[in-house]
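Each remark here refers to the structure printed beneath this line.
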Amino acid sequence: SLPSSRRSEAKAGRTDLIFLIRFRHCCLLRNQRCLLAYLYDRLLRIRALRWEYGSVLPNAIQFHMSAEEVEWFNRYKKSLATYMRSVGGEEGLDLTQDIKPPKSLYIEVRCLRDHGEFEVDDGTTILLKKNSQHFLPRWKCEHLIRQGVLEHVLS
């Protein structure tokens, strides 16, 4: 902020200070636009994290987020869940399950690390151990593929 003596001099008619005041005001507006663009870009990236990782973010990512960003992510997550429940009948429709349209309903996957038990639709459980291969429904393992637990095996 300009000292009060310079402001009063500019009001009194010193035209050489008007340029400085305008220049400073333009700099403040530019900085404000840059900050807003940065914050908007972060929100877009946080929104994309919901689609990439699901409703629970890894701790490494959440560590780099502010409390307000975590709160915004949680509100977005709840809003998306409410919408998905309202769209697909009784069970709802999970819009996050397929990023690209599937070519087949079942895919062959290889487990990249030990994950533990995994339940399939018919109630059977599969033990996901490192380097084991399984033929699973695409929609059940899509999130695990995005998280790096499973890898899609292309024949």
Side-chain angles (χ1 to χ4, degrees), residues 1-3 19-155:
S1 166
L2 285 174
F19 172 76
L20 289 174
I21 293 171
R22 284 187 182 163
F23 178 73
R24 181 181 176 278
H25 183 69
C26 288
C27 289
L28 289 173
L29 290 177
R30 179 195 171 279
N31 290 346
Q32 181 184 22
R33 284 193 311 272
C34 290
L35 283 171
L36 288 174
Y38 171 75
L39 291 174
Y40 182 69
D41 183 61
R42 280 189 68 95
L43 283 183
L44 291 179
R45 290 172 189 252
I46 292 169
R47 184 177 69 182
L49 289 174
R50 167 57 181 98
W51 292 85
E52 185 178 342
Y53 287 100
S55 60
V56 178
L57 290 177
N59 288 334
I61 292 175
Q62 204 167 5
F63 176 75
H64 295 289
M65 294 170 58
S66 69
E68 291 81 9
E69 289 171 335
V70 172
E71 180 184 337
W72 187 89
F73 176 81
N74 289 332
R75 281 187 289 154
Y76 179 72
K77 175 176 69 174
K78 287 176 186 173
S79 176
L80 183 62
T82 302
Y83 177 72
M84 289 190 298
R85 274 193 305 274
S86 71
V87 174
E90 282 183 29
E91 295 179 16
L93 177 65
D94 187 6
L95 298 174
T96 62
Q97 101 184 10
D98 291 319
I99 300 296
K100 295 178 184 173
K103 293 185 186 215
S104 65
L105 296 178
Y106 285 82
I107 59 172
E108 189 172 358
V109 292
R110 179 182 302 116
C111 194
L112 299 175
R113 61 178 187 237
D114 291 339
H115 183 69
E117 291 187 349
F118 181 72
E119 186 174 342
V120 188
D121 287 340
D122 59 1
T124 59
T125 57
I126 297 171
L127 184 61
L128 297 178
K129 294 182 85 175
K130 187 174 182 174
N131 295 325
S132 62
Q133 286 192 213
H134 308 279
F135 198 64
L136 298 173
R138 174 184 293 274
W139 70 274
K140 278 295 264 188
C141 58
E142 190 76 28
H143 286 295
L144 292 175
I145 292 172
R146 281 190 232 136
Q147 292 174 6
V149 175
L150 297 176
E151 171 186 48
H152 185 181
V153 177
L154 301 172
S155 300

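These numbers come from the heavy atoms of this one structure, side chains and all, not from hydrogens, waters or symmetry mates.
Residue Arg50 comes nearest to Ser55 through the heavy atom pair NH1-N, 3.7 Å, listed as atom of the first residue, atom of the second, then distance. Taking every heavy atom of both residues into account, Gln62 and Leu57 meet most closely at OE1-O, 3.9 Å. Residues Glu108 and His152 share a closest heavy-atom pair of O-CD2, 3.3 Å. The shortest heavy-atom contact between Val120 and Leu136 is CG2-CD2, 4.2 Å. Summarising the geometry of Ile107 relative to Ile145, their closest heavy-atom pair is CD1-CD1, 3.7 Å, with the distance given to 0.1 Å. Here the shortest heavy-atom pairing between Tyr106 and Pro137 reads CD2-N, 3.4 Å.
A distance of 11.0 Å separates CG of Leu44 from CG of Leu39, quoted to the nearest 0.5 Å. Taking SG of Cys34 as the reference point, atom CG of Leu29 lies at 11.0 Å (rounded to 0.5 Å). In this structure, CD1 in Ile61 is found 12.0 Å from CZ in Arg45, a value given to the nearest 0.5 Å. Rounding to the nearest 0.5 Å places CZ of Arg110 at 5.0 Å from CD of Glu151. The distance from the CZ atom of Arg113 to the CD atom of Gln147 is 7.5 Å, given to the nearest 0.5 Å. Note that CG of Leu150 and CD of Gln133 are 11.0 Å apart. Values are rounded to the nearest 0.5 Å.
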Worksheet item: Run the side-chain contact (heavy atoms from CB on, under 4.5 Å) check on Glu69 and Phe73 step by step: do they pass?
Response: CA-CA 6 Å; Glu69 289 171 335; Phe73 176 81; over 6 Å; no
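Contact annotation: the side chain of Tyr76 never approaches that of Leu43 to less than 4.5 Å [non-hydrogen atoms, C-beta and beyond]. Here the side chains of His134 and Leu128 are in contact, with some heavy-atom distance below 4.5 Å. The shortest distance between side-chain heavy atoms of Arg30 and Arg33 falls below 4.5 Å. At a threshold of 4.5 Å between non-hydrogen side-chain atoms, the residues Trp72 and Glu68 do not count as touching.
For Asn59, the CG atom is loosely surrounded, since the number of other residues' heavy atoms within 6.0 Å does not exceed 12. Counting non-hydrogen atoms of neighbouring residues, nucleotides and ligands closer than 6.0 angstrom, the CZ atom of Arg75 exceeds 12 such neighbours.
Under a 3.5 Å cut-off, the side chain of Lys140 and the backbone N or O of Glu119 do form a donor-acceptor pair. The backbone N or O of Trp51 lies less than 3.5 Å from a partner atom in the side chain of Arg146, making a donor-acceptor pair.
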